[in-house]
2 protein chains.
Amino acid sequence: MVLVTTGLRERKKLRTRRRLGTAALDLAVRHGLADVTVEQIAEAAEVSPRTFFNYFSSKEEAVVAAGVEHARELADRLAARPADEPVMASLRAVMRELLGESAPPKEWVAQVRLVRANPALLPHQLAAHAQIEHSLRVVLAERTGLAPDDLHPALTAAAVMAAIRVATDRWLGSDEHADLGDVIDDALDLLAGGLRHPSRAP
Amino acid sequence: MVLVTTGLRERKKLRTRRRLGTAALDLAVRHGLADVTVEQIAEAAEVSPRTFFNYFSSKEEAVVAAGVEHARELADRLAARPADEPVMASLRAVMRELLGESAPPKEWVAQVRLVRANPALLPHQLAAHAQIEHSLRVVLAERTGLAPDDLHPALTAAAVMAAIRVATDRWLGSDEHADLGDVIDDALDLLAGGLRHPSRAP
DNA sequence: GCCGAACTTGCAGTCCGTGCAGATTTGCAC
DNA sequence: GTGCAAATCTGCACGGACTGCAAGTTCGGC
């Protein structure tokens, strides 16, 4: 179960999925989402249009799927942190790792920018976040020894994802001047402080 | 600007929008989302199919739109609370009001249940939440005197919406036995406490 | 009453998304 | 390495989603 000896079959499927995802993102960035058809995406990924729908149920889903895979790293790396480390500290460390210490991954930036420019993608972006949130919740439950459907891990995962989302949005809005890691840290600080009004803590 | 003397034109539009929304929700609950066509929704609302698309860009959006309008109450009522009341206290009070002191509004329950039964709606549900979150953020910014795009009101709004979402999900998962207001209160307590691990507090 | 603006509608057309059935490929046992 | 069962890919066909456009209809102000 844990060791699934990824056979040729599964590896090929994963590669096809990635090709479709990156092709969708790439084409959408270049020509605008509205002017990209499933047929074009399929052609770029060298599969038939019908096969596209075996992997994704819409082009919007394909565009954000790249981000999902990329962000699943979050859960994996979190699970790899020392078990006695405080949760928030683990999260900060993992986010720093994922942000590459300096510049955020180019593909990820392209994706969030595309969503900004194209509101029709927002629903699917949020759905992708929900998937990540679920992975996060499972890991947090294991770490804290609570049930996966307990309120605490569920809310923590949701709040952390909200913090990342808000911080990213702020970062994009400020023309990406600040360091994204710092903005996320600020957001996590606010969460850990119980969202107290800042004017009370000067 | 503030007083827009809702003329007949605008009232009629609003009524049409509501009719379409409730018709969509009603039909989807009764026949299943997949078996409902835009044509049916339009007919139930007594407009042409083409007009449906003047109001909504998909049937999924129409189904969750009812919830959006209903939840815009949240922001309005929050703005009406005394300005010196702590934000969290205002939120609790408003949520209690909206939940009708005893049973949550039937239409709202129908909607969240439908989303549960039909994952294809989740993206649109989340997008609707994002709209509510935005209204919430504006009100919170006014109350705290911070800029609307400041991190604090933005994150607070997002975290509170996350709490409501997680609490609702839990409540649905527990066969709606507990009192939803209590579950939401628990979630807000966790938020206000900085999401501290519960085992550290007893 | 009358006029401009806003709203509704039908029509035509493109693309989406799915069920199905037949090829093709893969994993596995022998 | 051969053969078989299962998984996957593909083309076809079809109904529905969604949009631009132009004509008709209704509303609000004068």
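Every chain is numbered from 1 and lettered A, B, ... according to where its sequence line falls, protein lines coming before strand lines. All values below were derived from every heavy atom in this structure, side-chain atoms included, with hydrogens, water molecules and symmetry-related copies excluded.
- Between the NZ atom of Lys13(A) and the C1' atom of dT10(D) there is a distance of 16 Å, rounded to whole Å.
- In this structure, CG on Leu180(A) lies 5.0 Å from CH2 on Trp108(A), to the nearest 0.5 angstrom.
- Glu39(B) has its CD atom 13 Å from the C1' atom of dG10(C), to the nearest Å.
- Among the atoms of the strands shown, only primed sugar atoms or phosphate atoms (P, OP1, OP2) are found under 4.0 Å from some heavy atom of Tyr55(B).
- Rounded to a whole Å, the CG atom of Asp35(A) is 11 Å from the P atom of dG20(D).
- To the nearest angstrom, P of dG19(C) lies 12 Å from CZ of Phe53(A).
- Remark: nothing in residues 16-34 of chain B comes within less than 4.0 Å of DNA chain C through any heavy atom.
- With dT8(C), dC18(D), dC9(D) as the candidates, the nucleotide lying closest to the side chain of Thr51(A) is dC9(D).
- Using a 4.0 Å heavy-atom cutoff across all strands shown, Thr37(A) reaches sugar-phosphate atoms only and no base atom.
- Glu60(A) places its CD atom 12 Å from the C1' atom of dC15(C), with the value rounded to the nearest Å.
- With Arg81(A) contributing its side chain and Val87(A) its backbone, the two residues share no donor-acceptor pair below 3.5 Å.
- Summarising the geometry, the separation between CD on Gln40(A) and P on dC15(C) is reported as 9 Å, rounded to the nearest angstrom.
- For Arg50(A) against dG19(C), a side-chain-to-base donor-acceptor contact under 3.5 Å is present.
- dC7(C) atom C1' lies 16 Å from atom CZ of Arg11(B), rounded to whole Å.
- With hydrogens and angles ignored, the 3.5 Å screen pairs a side-chain donor or acceptor of His152(B) with a backbone N or O of Arg196(A).
- Arg143(B) contributes a side-chain N or O that, together with a main-chain N or O of Glu85(B), makes up a donor-acceptor pair within less than 3.5 Å.
- Nearest nucleotide to the side chain of Lys59(B), out of dT8(C), dA17(D), dC16(C): dA17(D).
- In this structure, the side chain of Gln40(B) engages the main chain of Thr37(B) through a donor-acceptor pair within 3.5 Å.
- In this structure, Lys12(B) atom NZ and dC7(C) atom C1' are separated by 8 Å, rounded to whole Å.
- In this structure a side-chain-to-backbone donor-acceptor pair under 3.5 Å is present from Arg19(B) to Ala45(B).
- Residue Met161(A) is tested with Thr156(A), Leu136(A), Val166(A) for a side-chain contact (heavy atoms from CB on, under 4.5 Å); the sole match is Leu136(A).
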